[in-house]
Amino acid sequence: MHEHAKLELITLRDWLRYAVSRFQEAGLFFGHGSPEAFDEAAYLCLHSLHLPPDRLDPFLDARLLPSEREKLAVIIDRRIHERIPAPYLTHEAWLQGYRFYVDERVIVPRSFLAPLILEQLQPWLAEPEGVLRALDLCTGSGCLAILLAEAFPDAEVDAVDLSPDALHVARRNVEDYHLAERVRLHEGDLFSPLGDATYDLIVSNPPYVNAASVASLPPEYRHEPPLALGSGEDGLDATRVILRDAARHLNPGGLLLVEIGHNRAALEAAFPHLDFTWPDLAGGEDTVFLISREQLAQ
């Protein structure tokens, strides 16, 4: 950043305008928390200055110290030149009002499963209070396992990931939420570390990006673990294993909830005999399916 700019940009309003202009000019991709340049600029500025993330107006005309301007210059430059997603710069991600620690060992939390979990899968789950055992496959940062524990206060939750690095991050989040007694972390491939354990509810946000889409992802995504994105030629490799094995890990009446991105047509073509339910989600139509143990066992 030009030293002259740091002298000219005095207030938070100046820096916010500057960041939006630079972000737009650079053609950044926004898909890791903020929908567009203004929201991302506001978030990064407020976070860097230790201000409340939802209170911009009172501070817009506040003048910044040279050390604060330096801080903003660095984070704006990194976002532009290194194309690092904002959550990796701030080490936090927000999901349905819950804050999670993140770094480049895990995919940035942004799951359409989160609101469904917090609504206790209504109207599909007959007796939410009957959920005593729940499982989160491909837990990453641990965010969905933690939301399961929040939504189902009587449940014990198992969470599985193939990546030991991801599980280090998940452990930190589980401890931050004081859930170590109820959320157990397992290292391994999908169901493999679980033995014969059975559950009332299984959720998964597995890798689901097909090979063609992986090749054309914006640079921001290349900072995320490749293991967490791609899943074979059609993006359904992990989902196939989940569908194959889920029935024997579900209790009678149990439900399976999986996010699969834009692969509905491919999934239905691969499993024409299965009767998937597709919840109507704002911005996430056709990205999440529900299916019961009984439907799977057919």
Side-chain angles (χ1 to χ4, degrees), residues 32-33 47 53 84-118 120 131-208 220-231 238 241-242 245-246 249 256-259:
H32 291 93
H47 183 277
I84 298 172
Y88 290 151
L89 292 169
T90 62
H91 292 309
E92 70 173 20
W94 293 84
L95 202 52
Q96 298 290 302
Y98 287 80
R99 180 190 175 279
F100 300 101
Y101 171 85
V102 295
D103 59 34
E104 295 190 19
R105 293 175 290 179
V106 293
I107 196 170
V108 174
R110 50 181 181 277
S111 177
F112 287 111
L113 301 181
L116 289 172
I117 290 169
L118 292 173
Q120 295 186 312
V131 175
L132 303 180
R133 300 266 292 137
L135 170 64
D136 174 25
L137 292 173
C138 311
T139 195
S141 61
C143 57
L144 296 182
I146 288 163
L147 295 187
L148 283 169
E150 293 277 316
F152 300 99
D154 296 327
E156 292 194 346
V157 180
D158 283 339
V160 177
D161 206 283
L162 191 55
S163 162
D165 281 346
L167 291 170
H168 281 296
V169 175
R171 188 164 291 109
R172 175 171 177 164
N173 283 315
V174 167
E175 287 170 0
D176 283 349
Y177 279 93
H178 309 292
L179 286 168
E181 295 291 305
R182 288 179 51 215
V183 178
R184 285 189 298 269
L185 303 174
H186 305 266
E187 183 186 332
D189 193 1
L190 299 172
F191 293 103
S192 61
L194 299 171
D196 297 324
T198 58
Y199 303 90
D200 306 303
L201 174 61
I202 299 173
V203 307
S204 185
N205 183 11
Y208 56 65
E220 278 81 354
Y221 283 114
R222 301 197 208 293
H223 291 275
E224 296 190 288
L227 188 68
L229 295 172
S231 192
V241 177
I242 293 169
D245 295 343
H249 289 283
L256 172 67
L257 176 68
V258 182
E259 182 165 343

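Heavy atoms only, all atoms of each residue included: A149 and L179 are closest at CB-CD1, 3.8 Å. Heavy atoms only, all atoms of each residue included: D161 and A166 are closest at OD1-CB, 3.9 Å. Nearest heavy-atom pair, Y177 versus R99, reported as atom, atom and distance to 0.1 Å: OH-O, 2.8 Å. Between F191 and L137, the shortest heavy-atom distance links the atoms CZ-CD1, 3.6 Å. Counting all heavy atoms, side chain and backbone alike, V108 lies closest to P87 at CG1-CG, 3.6 Å. Here the closest heavy-atom approach between residue A246 and residue I202 is recorded as O-CD1, 4.2 Å.
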Problem - Stepwise side-chain contact (heavy atoms from CB on, under 4.5 Å) test for Y98 and N173 - result: CA-CA 11 Å; Y98 287 80; N173 283 315; over 6 Å; no
Exercise for the section: Go through the steps for L167 and T139 under the test side-chain contact (heavy atoms from CB on, under 4.5 Å), then give the verdict. Expected result: CA-CA 8 Å; L167 291 170; T139 195; 4.1 Å; yes
Practice task
Walk me through it: do V131 and Q120 pass the test side-chain contact (heavy atoms from CB on, under 4.5 Å)?
Solution key: CA-CA 10 Å; V131 175; Q120 295 186 312; over 6 Å; no
Practice task
Please test C138 against L190 for side-chain contact (heavy atoms from CB on, under 4.5 Å), starting from the C-alpha separation and ending with a verdict.
Solution key: CA-CA 7 Å; C138 311; L190 299 172; 3.7 Å; yes
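Between the side chain of R182 and the backbone N or O of A155 there is at least one donor-acceptor pair closer than 3.5 Å.
Distance check: S204 OG to L144 CG gives 8.5 Å after rounding to the nearest 0.5 Å. Between the OG1 atom in T90 and the CG atom in D103 there is a gap of 11.0 Å [rounded to 0.5 Å]. Taking NE2 of H186 as the start and OG of S192 as the end, the distance is 11.0 Å to the nearest 0.5 Å. A distance of 9.0 Å separates CG in L116 from CD in Q96, rounded to the nearest 0.5 Å. Distance CG/L148 to CD1/I117: 4.5 Å, rounded to 0.5 Å. With values rounded to the nearest 0.5 angstrom, D189 atom CG is found 11.0 Å from E187 atom CD.
The shortest distance between side-chain heavy atoms of F152 and D200 does not fall below 4.5 Å. Using a 4.5 Å cut-off on side-chain heavy atoms (C-beta onward), I146 and F100 make contact. At least one side-chain heavy atom of H168 sits under 4.5 Å from a side-chain heavy atom of R171. Residues V102 and P109 form a side-chain contact, since some pair of their non-hydrogen atoms from C-beta on lies under 4.5 Å apart.
Among P115, C143, S141, the one residue that satisfies the side-chain contact (heavy atoms from CB on, under 4.5 Å) test with L95 is C143.
Under the 4.0 Å criterion applied to side-chain N and carboxylate O atoms, R184 and D158 are assigned as salt-bridge partners.
Between H249 and Y199, the ring planes are tilted. Angles from 30° to 60° get that label.
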